[in-house]
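Report on the following structure.
Order of the sequence lines sets the chain letters (A, B, ...), proteins ahead of strands, with each chain counted from 1.
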Amino acid sequence: QQQVKQSPQSLIVQKGGISIINCAYENTAFDYFPWYQQFPGKGPALLIAIRPDVSEKKEGRFTISFNKSAKQFSLHIMDSQPGDSATYFCAARANSKLTFGKGITLSVRP
Amino acid sequence: GAGVSQSPSNKVTEKGKDVELRCDPISGHTALYWYRQSLGQGLEFLIYFQGNSAPDKSGLPSDRFSAERTGGSVSTLTIQRTQQEDSAVYLCASSLLNTEAFFGQGTRLTVV
């Protein structure tokens, strides 16, 4: 059973556009929801994270929206740039263990 | 050190051989995690250490896999009698308790 589900599986966006990646989770014990960005040959790096008592968090061009009742959260990348092209993973934590989604490949076209 | 360090960065081994993968966490980080990343499969949790003890080893795929952590620092993931399906990138992460996890660059294991 996949506890954290990401959609879409891949995404192509024009430069300057908005990239939206969605995640849904099952376990109500999750208490921390980070997004990680991974470039080829590198380990994942934390991009932005949110806790369930907050509905939205913004850091620069990156925003997390969180819907506790729907058990969903999403990442919005505003003014997407070619340098944002990478794999993005959502994750959720319970009992110190991070559970990851399968990842989505984002390509931002110049 | 400045970040999580993993060695080797690449390992090619013959089927049936044992391999050891090493992780040096960020100094002072009490929590250490091992994940496996296969193509198209995301990051699969393997084991979690708090200090030298492993309160959660539920993700180890079989008894061929084991891990230890000594001195609350370095960790070694050992895979015995490697199989082709073990080929993947093995990632280590460390954190202070319940804070951001920092990942190493991983060890790419290829079993031929």
*asked:* Shorter than 4.5 Å, heavy atoms on both sides: which option in B:Val4, B:Val89, B:Asp56 has the most such pairs with chain A?
replied: B:Asp56

*Which residue out of B:Cys92, B:Ser9, B:Ala101, B:Ala31 racks up the most heavy-atom pairs below 4.5 Å with chain A?*
B:Ala101

*Enumerate the residue pairs fulfilling salt bridge (charged side-chain N to carboxylate O under 4.0 Å, His left out) with a member in residues 59-77 of chain B, sequence neighbours excluded, ordered by first and then second residue.*
B:Arg64-B:Asp86

*Among pairs that include at least one residue of residues 23-39 of chain B, which meet salt bridge (charged side-chain N to carboxylate O under 4.0 Å, His left out), considering only residues two or more places apart or in two chains?*
B:Arg22-B:Asp24, B:Arg36-B:Glu44

*asked:* Could you walk me through whether B:Tyr48 and A:Asn95 satisfy the side chain to side chain contact (heavy atoms under 4.5 Å, CB included) test, starting with their C-alpha distance in whole Å, then the side-chain angles of each, then the deciding distance to 0.1 Å, before giving a yes or no?
replied: CA-CA 10 Å; B:Tyr48 154 61; A:Asn95 300 320; over 6 Å; no

*Spell out the residues in residues 33-55 of chain A that have some non-hydrogen atom less than 4.5 Å away from a non-hydrogen atom of chain B, in order of number; otherwise answer 'none'.*
A:Tyr36, A:Gln38, A:Gly41, A:Lys42, A:Gly43, A:Pro44, A:Leu46, A:Arg51

*Decide if the gap between the ring center of A:Phe100 and the ring center of B:Phe45 is smaller than 6.0 angstrom.*
no

*Measure from the side-chain N and O atoms of A:Tyr32 to the backbone N and O of B:Glu100, and report whether any donor-acceptor pair falls under 3.5 Å.*
no

*Would one find more than 12 heavy atoms of other residues, nucleotides or ligands at under 6.0 Å from atom CD of A:Gln9?*
no

_B:Lys57 atom NZ, neighbour heavy-atom count above 12 within 6.0 Å_ = no

*What distance do B:Ser38 atom OG and A:Lys102 atom NZ have between them, rounded to the nearest 0.5 Å?*
10.5 Å

Please list every donor-acceptor pair under 3.5 Å in which a side-chain atom of residues 60-67 of chain A meets a protein atom from a residue at least two apart or in another chain.
| residue | atom | partner | partner atom | Å |
| --- | --- | --- | --- | --- |
| A:Arg61 | NH1 | A:Met78 | O | 3.1 |
| A:Arg61 | NH1 | A:Asp79 | O | 3.2 |
| A:Arg61 | NH1 | A:Asp84 | OD2 | 2.9 |
| A:Arg61 | NH2 | A:Asp84 | OD1 | 2.9 |
| A:Arg61 | NH2 | A:Asp84 | OD2 | 3.3 |
| A:Asn67 | OD1 | A:Ser69 | N | 3.3 |
| A:Asn67 | OD1 | A:Ser69 | OG | 2.9 |
| A:Asn67 | OD1 | A:Ala70 | N | 3.0 |

*Write down the atom of A:Phe89, the atom of B:Gly42, and the distance for their closest heavy-atom approach.*
CE2-CA, 3.7 Å

Is it the backbone or the side chain of [X] that comes under 4.5 Å from a heavy atom of chain A, or both, or neither?
X       : answer
B:Gln37 : side chain
B:Ala93 : neither
B:Leu43 : both

